Protein chains: 2
Amino acid sequence: MARTQGSHSDITGPRIQTAALRLFAQHGYAAVSMRQIAKEVGVQAGALYNYTPDKQSMLFGLMRGHMQDLLATWRGQDLPVDAMEQLRVFTGFHIRFHLERADAVFIAYMELRNLSPENFTEIETLRGQYEDALEMILKAGVDQGVFHVPDTKIATLAVIAMLNGVNTWYRAGGRLSLDQVEAIYWDMVHKVVAPN
Amino acid sequence: MARTQGSHSDITGPRIQTAALRLFAQHGYAAVSMRQIAKEVGVQAGALYNYTPDKQSMLFGLMRGHMQDLLATWRGQDLPVDAMEQLRVFTGFHIRFHLERADAVFIAYMELRNLSPENFTEIETLRGQYEDALEMILKAGVDQGVFHVPDTKIATLAVIAMLNGVNTWYRAGGRLSLDQVEAIYWDMVHKVVAPN
DNA sequence: GTCTATAGGGGGATAGAC
DNA sequence: GTCTATCCCCCTATAGAC
């Protein structure tokens, strides 16, 4: 992975990641060959192994990178003190972050079964940490009496599932602007946690 | 496909479908070989071609069968006249139907990109018909003034995405009974469409 | 309807030259 | 760091015997 001599390492490495991300998202990990990835980058298949020990590591690296990026970016957000406002920030953040990385999101959900057991566990741990971030907000709101949910864990998963759905239908330049999408989902999300 | 002579056709056919369903769901269409399917059924790989012209048709048949089953079963439900009650029936129906067919549901969402363009169009048409069934309920409720949603199409997709999430975490014998799950999701779904 | 055998093509990964 | 060449394996699908 590290750069050695005056080589193309620092240029080829990122290009391999970009190509793999796109191809895995489009055709699926199992359906994409190392030769296809190499062709898209413009090198021979053997050269890929200067950057990854095997195909599985490429997949894992992409997924872990995405999840770490997600967590780090969320943790860098300035959060208001009010639980309702925190939830609003989370809703907008989640929609925009995921729409901007459609390929990585797709892979992170669809290719879990192609991870080795150890790699799977690590990705699930990261995903759990992100879910915990939302659940903390919901719990705080329930404690403050501003939210009512029958089960904070289920509500967490329900909200995330609902928001993830945006990626399946949203297309830039479509019927709705990003601001409109955000407003529509905020309307629905805030009602999910509203008192009856 | 049709039975010919006193053969095993009527027994092998369903067993092939069952094996393919399970293996595709577990490992993914592209990662499963015809030899694996044949082995699970207890025949040689060549014998599979008495039941399907090719691997792609096996996938398509499974997905179309699932979607047609879903639509036919929904259309066979007795529906109350009240939109709120219709939504309650839909919520319970969707959760139970999908949990009972976890493998088929998984395939129907994950393997869309492995369908040929024509096959993809047909599956998407069926999925659209199911979504329309829910949107009709939401529109009726909005017209009657009992529901408020900013956008019935988006609300339809949001509710279905939320309900589909159940399949990713529910396990029989877990913390919550099926009745509890249904009650929790009904609480959230009915609030999504509630007036502000 | 099922079998064996095989055609014809790719697959992941490595070796060694440059 | 990249290339060419290659090992060895598995793939889908078909042909022809039974």
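Quick note: numbers below take in every heavy atom, side chains included, and nothing from hydrogens, waters or symmetry partners. Keep in mind that what you see is a predicted model, and the values were worked out from it rather than measured. By convention in this document, chain letters (A, B, ...) are assigned in the order of the sequence lines, proteins followed by strands, and residues within each chain are numbered from 1.
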Would you say B:Thr12 reaches C:dT2's phosphate, i.e. side-chain N/O to OP1/OP2 under 4.0 Å? yes
Is a donor-acceptor pair below 3.5 Å formed from side chain A:Arg35 to base C:dG10, judging by atom type as modelled? no
A:Thr52 side chain to A:Tyr49 main-chain N or O, any donor-acceptor pair under 3.5 Å? no
Exercise: do A:Gln129 and A:Asp132 side chains pair donor with acceptor under 3.5 Å: no
B:Met34 has its side chain closest, among D:dA13, D:dC3, C:dC3, to D:dA13
Contact list for DNA chain C against residues 19-33 of chain A - heavy-atom distance below 4.0 Å: A:Val32, A:Ser33
D:dT2 OP1/OP2 closer than 4.0 Å to side-chain N/O of A:Tyr51: yes
Less than 4.0 angstrom from a charged side-chain N to a carboxylate O is my criterion; do B:Lys191 and B:Asp187 meet it? yes
Using the six-membered ring of A:Phe97, assess whether NZ or CZ of A:Arg101 lies under 6.0 Å from its centre and within 45 degrees of the ring axis. yes
Are B:Asn164 and B:Tyr109 close enough that a side-chain donor and a side-chain acceptor fall under 3.5 Å? yes
Tell me: CG of A:Asp54 to P of C:dT14, nearest whole Å? 8 Å
In this structure, is the centre-to-centre distance between the rings of B:Phe93 and B:His98 below 6.0 Å? no
